[in-house]
Undergrad: 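Below you'll find the structure I mean.
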Amino acid sequence: MLPLAWFYIALVVFLYSLLLFLELRSRAKRHVKGCPSLLYISPERLDSLIAIEPDLIVVELSSRAASSKMPQIPDALRMPVSQLEGFLCGAPCRSIFVFYDSATEPVQWSSVEAIANDCAIPNVSVLKGGLELWLRKHQADGVGVAS
């Protein structure tokens, strides 16, 4: 009887450890790698925020000129990371910021996180998959995008 009890205790401990591991892993997938205060946001959630949130500010972190013919999310601001600190520190704290980059110009998200933390901005997210995933989703849906 005693070995059977130890088996059940070991089984419960193993299952609890497995559950804890899976929960920590799912939480880690919600954050940008190496940046615990930057959450990912899905393209679907961004679309719902665009529709209902008046304080939403979408920012494309890019060094390209603002008149570039590259497509972008409608009403998105385009700025380099070097100008981000001045912009964020002057923004209201109630604003919700969503940042994205393109695959051709990847951004060091740790520097964006440091700037957002220095300016004490609580609502900062990163578009998961970047502009390319958002464009693919909207081109598949047949929705026009700004260029």
Side-chain angles (χ1 to χ4, degrees), residues 8-147:
Y8 285 121
I9 291 171
L11 181 66
V12 167
V13 168
F14 172 74
L15 290 176
Y16 181 74
S17 300
L18 181 65
L19 180 66
L20 180 66
F21 170 75
L22 292 174
E23 177 64 25
L24 291 175
R25 186 170 180 243
S26 70
R27 284 186 187 185
K29 283 187 172 186
R30 285 185 245 152
H31 294 278
V32 176
K33 187 174 184 177
C35 301
S37 63
L38 287 181
L39 292 172
Y40 275 125
I41 187 170
S42 67
E44 295 82 14
R45 178 146 166 85
L46 176 61
D47 290 339
S48 67
L49 282 176
I50 288 172
I52 64 170
E53 183 59 52
D55 294 328
L56 177 69
I57 300 173
V58 181
V59 179
E60 177 182 0
L61 298 174
S62 173
S63 60
R64 293 180 295 192
S67 64
S68 177
K69 296 294 182 191
M70 297 296 293
Q72 71 179 62
I73 296 174
D75 298 328
L77 303 173
R78 184 177 288 167
M79 71 179 59
V81 177
S82 60
Q83 295 177 354
L84 190 61
E85 186 170 7
F87 175 72
L88 284 180
C89 290
C93 289
R94 70 175 186 271
S95 297
I96 299 172
F97 293 94
V98 176
F99 297 109
Y100 69 93
D101 63 352
S102 65
T104 57
E105 291 186 64
V107 172
Q108 292 293 336
W109 293 113
S110 58
S111 62
V112 174
E113 179 188 35
I115 293 169
N117 288 341
D118 288 344
C119 296
I121 303 294
N123 301 317
V124 178
S125 300
V126 174
L127 181 61
K128 188 166 188 133
L131 178 63
E132 288 75 21
L133 182 64
W134 193 86
L135 286 174
R136 259 186 281 142
K137 178 190 173 299
H138 285 279
Q139 288 169 349
D141 293 344
V143 178
V145 294
S147 55

Undergrad: Under the 3.5 angstrom rule, does the side chain of Asp101 hit a backbone N or O of Leu61 as a donor-acceptor pair?
TA: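 Not a single qualifying donor-acceptor pair exists.
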
Undergrad: Are there more than 12 heavy atoms of other residues, nucleotides or ligands under 6.0 Å from atom CD of Glu53?
TA: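 Yes - once you tally the heavy atoms of other residues, nucleotides and ligands closer than 6.0 Å, there are more than 12.
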
Undergrad: Between Arg27 and Glu23 (salt bridge meaning N to carboxylate O under 4.0 Å), is one present in this structure?
TA: yes

Undergrad: Would a 4.5 Å heavy-atom cut-off, applied to side chains only, mark Leu127 and Ile73 as touching?
TA: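 When only atoms from C-beta onward are counted, Ile73 and Leu127 do touch, with a gap below 4.5 Å.
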
Undergrad: With heavy-atom distances below 4.5 Å as the criterion, would you say the side chains of Trp134 and Val58 are in contact?
TA: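 Not in contact.
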
Undergrad: Report the residues that fulfil salt bridge (Lys or Arg N to Asp or Glu O under 4.0 Å) with Arg25, sequence neighbours left out, ordered by chain and then residue number.
TA: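 Salt bridge (Lys or Arg N to Asp or Glu O under 4.0 Å) list for Arg25, sorted by chain: empty.
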
Undergrad: If you apply the rule side-chain contact (heavy atoms from CB on, under 4.5 Å), what do you find for Leu46 with Tyr100, and how did you get there?
TA: CA-CA 11 Å; Leu46 176 61; Tyr100 69 93; over 6 Å; no

Undergrad: To the closest 0.5 Å, what do you measure between OG (Ser110) and CG (Asn117)?
TA: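 Going from OG on Ser110 over to CG on Asn117, the span is 11.0 Å.
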
Undergrad: To the nearest 0.5 Å, how far apart are CG in Asn123 and SG in Cys93?
TA: 9.5 Å

Undergrad: Quick one, Glu60 with Met79, criterion side-chain contact (heavy atoms from CB on, under 4.5 Å). Give me CA distance, side-chain angles, the key distance, then yes/no.
TA: CA-CA 6 Å; Glu60 177 182 0; Met79 71 179 59; over 6 Å; no

Undergrad: Is there a side-chain contact (heavy atoms from CB on, under 4.5 Å) between Val112 and Gln108? Walk through the geometry before answering.
TA: CA-CA 7 Å; Val112 174; Gln108 292 293 336; over 6 Å; no

Undergrad: Hey, are the side chains of Val81 and Ser111 touching, using non-hydrogen atoms and a 4.5 Å cut-off?
TA: yes

Undergrad: Check whether any side-chain heavy atom of Ile57 sits under 4.5 Å from a side-chain heavy atom of Val59, and report yes or no.
TA: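 Ile57 vs Val59: side chains touch.
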
Undergrad: Flag the pair Tyr16 / Phe21 as yes when at least one side-chain heavy-atom distance between them is below 4.5 Å, and no otherwise.
TA: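 Tyr16 vs Phe21: side chains apart.
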
Undergrad: Donor-acceptor check, side chain of His31 to backbone of Pro36, threshold 3.5 angstrom: yes or no?
TA: yes

Undergrad: Taking the side chain as every heavy atom from C-beta outward, state whether Lys128 and Ser42 have any pair of such atoms under 4.5 Å apart.
TA: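 A side-chain contact under 4.5 Å is absent here.
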
Undergrad: Does a side-chain heavy-atom distance below 4.5 Å link Phe87 with Leu77?
TA: yes

Undergrad: For the CG atom of Leu38 and the CZ atom of Phe97, what is their distance to the nearest 0.5 Å?
TA: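 Between Leu38 CG and Phe97 CZ, I get 13.0 Å after rounding to 0.5 Å.
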
Undergrad: Calculate, to the nearest 0.5 Å, the distance between atoms CD1 and CG belonging to Ile121 and Leu84 respectively.
TA: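 Ile121 CD1 to Leu84 CG: 9.5 Å, rounded to 0.5 Å.
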
Undergrad: Within the 4.5 Å heavy-atom criterion, are Ser48 and Glu44 side-chain neighbours or not?
TA: no

Undergrad: Evaluate Val98 against Val126 for side-chain contact (heavy atoms from CB on, under 4.5 Å), listing each step before the verdict.
TA: CA-CA 5 Å; Val98 176; Val126 174; over 6 Å; no

Undergrad: Identify the two heavy atoms, one from Val124 and one from Ala116, that lie closest to each other, and give their separation to 0.1 Å.
TA: CG2-CB, 3.9 Å

Undergrad: Please report the interatomic distance OG(Ser125) to OH(Tyr40), rounded to the nearest 0.5 Å.
TA: 11.5 Å

